[in-house]
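It should be emphasised that the depicted structure is a prediction, and the values quoted were computed from it without experimental measurement.
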Amino acid sequence: QVQLVESGGGLVQAGGSLRLSCAASGRTFSRSTMGWFRLAPGKERDFVAAISWNGKTVYADSVKGRFTISRDNAKNTVFLQIDSLKPEDTAVYYCAASFGGGWTNPDEYDYWGQGTQVTVSS
């Protein structure tokens, strides 16, 4: 079992920044691929970014150049630095862990956090 707890969300003005954190406990964190997804009202859950156990990263086109995913295996934590926020970034952000080679497909992730709300005002 893996427990994931997100934090760092909040209300921010357009153009601002936030740093989301996801603390993991349980199964060996360093062996996992970690991903961030988001769910906006009336929309489907979207892939945002992912980082492999050895630091390889991938981003959704909509966030490239603005979002940065990183991980600290010693602290069992993955981060999502969000810069130049836009109102369309408003969503609940979820982190997820995959131990089976998942990458951008949410169905390939085994464990999910409870989410943290990000609201961007214009």
Side-chain angles (χ1 to χ4, degrees):
Q1 277 285 48
V2 173
Q3 293 77 43
L4 302 173
V5 180
E6 301 97 333
S7 61
L11 173 63
V12 64
Q13 287 188 330
S17 298
L18 284 172
R19 190 190 196 204
L20 307 184
S21 299
C22 175
S25 61
R27 202 167 163 183
T28 306
F29 173 81
S30 61
R31 298 287 189 179
S32 67
T33 292
M34 298 299 296
W36 285 96
F37 297 81
R38 64 186 181 185
L39 181 62
K43 296 185 178 181
E44 295 185 352
R45 182 174 49 186
D46 284 337
F47 167 76
V48 174
I51 185 166
S52 69
W53 66 272
N54 61 352
K56 179 183 176 182
T57 60
V58 61
Y59 297 91
D61 288 343
S62 59
V63 307
K64 280 181 182 176
R66 299 189 299 121
F67 290 20
T68 304
I69 189 171
S70 61
R71 66 191 296 163
D72 185 338
N73 287 339
K75 297 182 178 180
N76 286 1
T77 303
V78 62
F79 304 98
L80 186 68
Q81 177 67 38
I82 309 176
D83 298 319
S84 302
L85 276 159
K86 304 176 181 180
E88 51 263 42
D89 294 321
T90 295
V92 178
Y93 284 71
Y94 298 89
C95 75
S98 172
F99 291 88
W103 201 223
T104 62
N105 184 346
D107 294 337
E108 297 171 336
Y109 283 76
D110 307 298
Y111 302 96
W112 292 81
Q114 83 290 348
T116 186
Q117 177 71 48
V118 172
T119 303
V120 184
S121 63
S122 57

Query raised in the report: Looking at Q117 and V92, what are the two nearest heavy atoms and their distance?
Result: OE1-CG2, 3.2 Å
Report task. Kindly indicate whether the side chain of R38, heavy atoms from C-beta on, has any atom under 4.5 Å from the side chain of V63. Result -> yes
Query raised in the report: Does any non-hydrogen side-chain atom of W103 lie less than 4.5 Å from one of S98?
Result: no
Query raised in the report: Relative to each other, are the rings of F37 and Y109 parallel, tilted or perpendicular (30° and 60° limits)?
Result: perpendicular
Report summary line: Note: A14 and S122 closest approach over all heavy atoms is CB-CA, 4.4 Å
Report task. Hydrophobic side-chain clustering at under 4.5 Å (ILVMFWY, transitive links): who's grouped with L11? Put none if nobody. Result -> none
Requested in this report: Give the cluster check for L39 versus V78: same hydrophobic cluster or not, with ILVMFWY residues linked at side-chain heavy-atom distances below 4.5 Å.
Outcome: no
Query - Least distance between heavy atoms, L4 atom then A97 atom - result: CD1-N, 3.8 Å
Requested in this report: Mark yes or no for whether R71, through its side chain, and S52, through its backbone, hold a donor-acceptor pair below 3.5 Å.
Outcome: yes
Query raised in the report: Are M34 and F79 co-members of a hydrophobic cluster defined by side-chain heavy atoms under 4.5 Å apart?
Result: no
Report summary line: Closest non-hydrogen contact found for V5 with Q114 is CA-OE1, 3.7 Å
Query raised in the report: Do F47 and I82 share a hydrophobic cluster, counting only Ile, Leu, Val, Met, Phe, Trp and Tyr and linking them when any side-chain heavy atoms are less than 4.5 Å apart?
Result: no
Query raised in the report: Is there side-chain contact between D110 and V2, with at least one heavy-atom pair below 4.5 Å?
Result: no
Query raised in the report: How many angstroms lie between atom CG of L80 and atom OG of S70, to the nearest 0.5 angstrom?
Result: 8.5 Å
Query raised in the report: Under 6.0 Å from the six-membered ring centre of Y59 and within 45° of its axis: does the NZ or CZ of R66 meet both?
Result: no
Query - T57 OG1 to F67 CZ distance, which is reported to the nearest 0.5 Å - result: 14.0 Å
Query - Under 3.5 Å: donor-acceptor pair, side chain of T119, backbone of T90 - result: no
Requested in this report: Flag yes if V58 and Y93 sit in one hydrophobic cluster, no otherwise; membership is Ile, Leu, Val, Met, Phe, Trp, Tyr, and two members link when side-chain heavy atoms are under 4.5 Å apart.
Outcome: no
Report task. Determine the interplanar angle of the Y94 and W112 rings, folded into 0 to 90°, and report it as parallel if under 30°, tilted if 30 to 60°, perpendicular if over 60°. Result -> perpendicular
Query raised in the report: Does the pair D61/K64 count as a salt bridge with the N-to-O cut at 4.0 Å?
Result: yes
Query raised in the report: Quick one: does P106's side chain get under 4.5 Å of E44's, heavy atoms only?
Result: no
Query raised in the report: Any donor-acceptor pair under 3.5 Å linking the side chain of E6 with the backbone of G115?
Result: yes
Query raised in the report: Does S7 have any side chain to side chain contact (heavy atoms under 4.5 Å, CB included) partners at least two apart in sequence or in another chain, and if so, which?
Result: S21
Requested in this report: Check whether F29 and F99 end up in the same hydrophobic cluster, where Ile, Leu, Val, Met, Phe, Trp and Tyr are linked by side-chain heavy atoms less than 4.5 Å apart.
Outcome: yes
Query - Distance in Å, L18 CG paired with Q81 CD, rounded so as to fall on 0.5 Å steps - result: 8.5 Å
